[in-house]
Amino acid sequence: MTNYEAAWLFLELADRVEVAGDNPFKAVAYRKAARLLEGLGEPFAEAWAAGRLRDRPGIGEAIHAKIGELVQTGTISALERLRREIPPGVMDMLTLPGVGPRHARNFWKVLGLEDLTALQEAAEQGRLRTVKGLGPKLELAVLRAIAQRDAAPGRQLLGLALPLARDLRESLARQPAVERVEIAGSIRRRAELVGDVDLVVASEAPEEVSDFFVRMPSFREVTAQGPTRVAVVHQGGLPVDLRLVEPAVFAAAWLHLTGSKEHNVRLRQRAKERGWQLNDYGLTGSGFSLPEEEDLYRALGLPFIPPELREDRGEIEAAEKGELPALVEESDLRGDLHVHSEWSDGTASLRELREAAARLGYEYLAVCDHSRSLAVARGLDAERLRAQRREIEALNAEGHPVYLLAGVEVDILGDGRLDLEDEVLAEMDLVVASLHSGFRQEPERLLARAAAALRHPHVDILAHPTGRLLGHRPPYALDVPALIELAVETGTILEVNATPDRLDLCDLHVRRFVSAGGLVAVNTDAHSTEHLVFREYGVATARRGWCRARQVLNTRSLPDLLAFLAREKGRRFSSA
DNA sequence: GCCGTTTTCGGCCCGACTGTTTTCAGTCG
């Protein structure tokens, strides 16, 4: 069982405890344990067996015993009991917006409703209002929620939500009543998937702003409207939350709305320890003027914490000790080490790609078209690769500021061999290896294939290591911690693929890899010149993985990069 | 269920909005 699966069981336990009506703080404790398991840097069973979980904050006697039960029996008896007690349809009710554990429990215990169909019928017949505290509005909300359940988009890619948020921000910024407007929430933290758009506006005339906002044509409905908060739904289905505050308290509101919830909880505890209260309006009782987030953090004895780190994954402890990493920035990138041209399935010529790279201020670009077995992508064989190299050499002879590297994205075949002979790979400036087939193989076989590539002396980079496509395809059943260990051992670069639906490696794996001494490459895998700007999402993922510039290969200058590749090749051959 | 330079018991972050209510519970973030 993976840490992620264990964490998921504790989250389920928390939900069920709430519906069962047990002490709600139990649920809080289980969720905290789930977070810890998810972010644990080693398999939870090993950590438990070695007694390393006992002293972790939030793990007491009872939860420690439950984890032990999970290790030994594969399940948790308290969870099994609640699964028998609460019908599955009742848990489904929690997915309806506006229905939390109390409503679900009332529907079940008071009205005897055990699934969404029964709930829908009862709502249609007006029977929900027979429960004290429930009325006709809730019946309507329930019916609408059930009707829209399948039409709802769920969480959306950062790559879609961030541009939308920026558009909305620009529109608001042009309003005279708006003094300042910023993006907050999970988009500001650059989460890979986001559930809504959060915006904060500073204004002396909030009603003017909210009137303008609800009339914007890009929204399909207004779901809440009060003096300080407006909630709407964008035409694409993404909810948008607008918070309106006085300019003087903007920073506190921005901090609060940026979250994460868990990060905020820690900051508020910290304020409380100092005899103050931190809320959306500032630090009550502190007497400080706090115009910016930096000032709030400073008042709490901390340096500014970048939004990408605000997940309560150790950033507060690191900040306390002055050990926050100086995170890699977009401007640190000197090139892109994985792009495709019209030679395979890309749309741009080498010259066009080079111009686009120049516009980003790059020093180099590695052209890594597909290899021959990927026929759907018009993969290149040795002969076409050599022809492409001749074109690249001719272009490089022009003295252009962007140097092109002749690379290849070589397929790792089903049996672990590479799709091109060693003598061909030896000619390349850069070899990127990747899995494009056999996604559903057994974990052992997948790992063996990946391992063969990592150990191959000609392979420099493993591309999109887990193969996931956000919202479409789960990661391969690959033992990523083992893969990471081997990549560190062999000195192979792992890619942080910046394509918005890949972001692969993901943030947690990046953190694990770089903290173990690994180097990543933030690559766009661009198939057109427009895709080069996807680097923003790759850099965001690296930052969420606590990545410094020196841990990213393509922050190096061209001479340093070439020297590194040559040195690595020499080392690999002497150890092979 | 966890936790302790206020505490081994009594707290646990805090506020906005909605709906159902004449003062608050539930949901959400």
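Every chain is numbered from 1, with letters handed out A, B, ... down the list of sequences.
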Pairwise P distance, B:dC17 and B:dC13 [rounded to whole Å]: 22 Å
Describe the nucleic acid contact of A:L96 in one word from base, sugar-phosphate, nothing, applying a heavy-atom distance below 4.0 Å. sugar-phosphate
When A:Q277 and A:K66 are each assigned the nearest nucleotide of DNA chain B, the 5'-most assignment goes to A:K66
Look at all strands and tell whether A:N23 reaches a base, only sugar-phosphate, or nothing, counting heavy atoms closer than 4.0 Å. base
Hey, does A:V17 reach any base, or is it just sugar-phosphate, or nothing, if we go heavy atoms under 4.0 Å? nothing
Under 4.0 Å, counting only non-hydrogen atoms across every strand here, what does A:H256 touch: a base, just sugar-phosphate, or nothing? base
Under the 6.0 Å and 45° cation-pi test, does A:R188 pair with A:W254? yes
Residue whose nearest DNA chain B nucleotide is more 5′ - A:D198 or A:E273: A:E273
Across the strands shown, which category fits A:L257 at heavy-atom distances under 4.0 angstrom: base, sugar-phosphate, nothing? nothing
How is A:K272 classified with respect to the nucleic acid when contacts are heavy atoms under 4.0 Å: base, sugar-phosphate, or nothing? sugar-phosphate
Heavy atoms only, 4.0 Å cut-off, all strands: where does A:K137 land among base, sugar-phosphate and nothing? sugar-phosphate
Which part of the nucleic acid, if any, lies within reach of A:L278 when heavy atoms closer than 4.0 Å are counted: base, sugar-phosphate only, or nothing? sugar-phosphate
